[in-house]
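Below is one structure, written out as structure tokens; the observations come after it.
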Amino acid sequence: MDSVLSKSEHLYLPTTVTRAAKILVGGHFGAGKTTLVGSVSEIRPLRTEEPITQASVGIDDLAGLPNKSTTTVGLDFGRITLTEDLVLYLFGMPGQSRFDVLREHLFVGALGGVILVDTRRLQDSDDVLASFEERDIPFAVVVNLWADAPQYAPEEIREALDLADDVVLTFCDARDKKSCIRALIDFLEYLLHTRRLELS
Ligand SMILES: Nc1nc2c(ncn2[C@@H]2O[C@H](COP(=O)(O)OP(=O)(O)OP(=O)(O)O)[C@@H](O)[C@H]2O)c(=O)[nH]1
Ligand SMILES: [Mg+2]
């Protein structure tokens with residue numbers, strides 16, 4: 001699957017593609033979902049960003065996010081052809097619970113999801129993790145590493161998030177395409193291993 005890292009961007013789906021999977025990119029407010037979809041997408045991502053206004057003061061916690069001026073109010077959409085025959089359609093979810101109705105729709109038909117977390121606000125991930133667990137939708141947890149964030153050992157993160165032993169836990173920098181693709185591949189390998197995904 002590493003060959004995807006050297007592929008140039010392309011607009012049209014290769015004719016060799018026979019399988020498509022809908023993969024969600026979830027996570028709490030400001031975890032880096034929109035950034036990740038933009039980093040890996042081979043097409044110009046669809047974004048639904050709106051400016052953060054005074055109305056969100058006290059609701060959306062901007063601590064540690066000095067450059068964040070917008071928030072996703074709908075979804076992010078991107079695409080990546082991972083192997084000759086497999087394409088992933090990535091759906092970035094909105095981060096706040098006030099968009100629960102939208103998130104509900106995004107779950108439909110999803111094969112699984114990667115849930116981004118920021119170690120500066122691990123406790124904010126509980127709702128998102130629960131929403132995947134309740135629907136029995138497989139997920140991986142991907143820690144978006146920020147330079148000034150506390151660094152924890154994987155076991156500490158597992159314990160803090162109360163993750164089951166078989167949940168894939170990986171790390172990335174949401175701005176870095178290579179690390180994000182690596183995280184997606186780790187999750188895909190888990191889906192293959194557990195036979196939730198089969199390649200022809
Ligand atoms: N330093 C650093 N900044 C990041 C990283 N990931 C994202 N950012 C920045 O952090 C901010 C938040 O990222 P977004 O991608 O908007 O986060 P989101 O999860 O989509 O946010 P919502 O849709 O509002 O929930 C943006 O200003 C990004 O440029 C990272 O890994 N390191
Ligand atoms: Mg977003």
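First listed ligand is number 1; within each ligand, the first listed atom is number 1. Quick caveat, the model's predicted, so the values are computed rather than measured.
For atom 25 (O) of ligand 1, the closest heavy atom belonging to the protein is K33 NZ, 2.8 Å. The shortest contact between atom 8 (N) of ligand 1 and any protein heavy atom is with W146 CH2, 3.3 Å. With respect to atom 15 (O) of ligand 1, the closest heavy atom belonging to the protein is T35 OG1, 2.5 Å. Considering only non-hydrogen protein atoms, atom 23 (O) of ligand 1 sits nearest to T72 OG1, 2.9 Å. Ranking the protein heavy atoms by distance from atom 30 (C) of ligand 1 puts R175 NE, 3.5 Å first.
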Where do F139 and F187 land on the ring-ring contact (aromatic ring centres under 6.0 Å, His included) test, with the steps shown first? CA-CA 8 Å; F139 60 88; F187 181 50; 8.3 Å; no
For R98 and D60, run salt bridge (charged side-chain N to carboxylate O under 4.0 Å, His left out): C-alpha distance rounded to whole Å, both residues' side-chain angles, the deciding distance at 0.1 Å, then the answer. CA-CA 11 Å; R98 61 179 178 272; D60 300 334; 2.9 Å; yes
Evaluate Y190 against D186 for side-chain contact (heavy atoms from CB on, under 4.5 Å), listing each step before the verdict. CA-CA 6 Å; Y190 165 80; D186 285 349; over 6 Å; no
Between V141 and L129, does the side-chain contact (heavy atoms from CB on, under 4.5 Å) criterion hold? Intermediate values first, please. CA-CA 9 Å; V141 170; L129 290 166; 3.9 Å; yes
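Within ligand 1, counting atoms from 1 as listed, the ones closer than 4.0 Å to a heavy atom of G95 are 25 (O). Every atom of ligand 1 is numbered from 1 in the order shown, and the set under 4.0 Å from a heavy atom of L145 is 31 (O). Taking every heavy atom of G32 and a limit of under 4.0 angstrom, the matching atoms of ligand 1 come to 13 (O), 14 (P), 15 (O), 17 (O), 18 (P), 19 (O). Atoms of ligand 1 lying under 4.0 Å from at least one heavy atom of F29, given by number and element, are 24 (O), 25 (O).
P45 and V37 get closest at one heavy-atom pair: CB-CG1, 4.4 Å. Nearest heavy-atom pair, L106 versus G92, reported as atom, atom and distance to 0.1 Å: CD1-O, 4.2 Å. Shown here for G78 and S41, the closest heavy-atom pair between the two residues is CA-OG, 3.3 Å.
Of all the heavy atoms of D60, none lies under 4.0 Å from any atom of ligand 1, so neither backbone nor side chain is involved. With a 4.0 Å heavy-atom cut-off, ligand 1 is reached by the backbone of T71 and by its side chain too.
For Q123, the CD atom is densely surrounded, since the number of other residues' heavy atoms within 6.0 Å is greater than 12.
Partners of D127 by side chain to side chain donor-acceptor pair (under 3.5 Å), not counting sequence neighbours: none found.
Classified by interplanar angle (parallel below 30°, tilted 30° to 60°, perpendicular above 60°), the ring pair Y89/F77 is parallel.
Every N/O-N/O distance between Q96 and ligand 1 stays at or above 3.5 Å. Among the atoms of K68, some N or O lies under 3.5 angstrom from an N or O of ligand 1. Looking at ligand 1, you'll find an N or O of A31 within less than 3.5 Å of one of its N or O atoms. The shortest N/O to N/O separation between N144 and ligand 1 falls below 3.5 Å.
A donor-acceptor contact under 3.5 angstrom links the side chains of D76 and T34, judged on distance only. For the residue pair T71 and E50, no side-chain donor N or O sits within less than 3.5 Å of a side-chain acceptor on the partner.
By the criterion of side-chain heavy atoms lying less than 4.5 angstrom apart, applied directly or through intervening Ile, Leu, Val, Met, Phe, Trp or Tyr residues, L36 is not grouped with W146; the two fall into different hydrophobic clusters.
Less than 2.8 Å away from the Mg ion (ligand 2), the protein contributes these N/O/S atoms: T34 OG1, T72 OG1.
Of the listed residues (L65, T70, N67), the one carrying the non-hydrogen atom nearest atom 27 (O) of ligand 1 is N67.
Salt-bridge formation is detected for the pair R175/D173: a Lys NZ or Arg NE/NH1/NH2 atom is positioned less than 4.0 Å from an Asp or Glu carboxylate oxygen.
The shortest heavy-atom distance from G30 to ligand 1 is under 4.0 Å.
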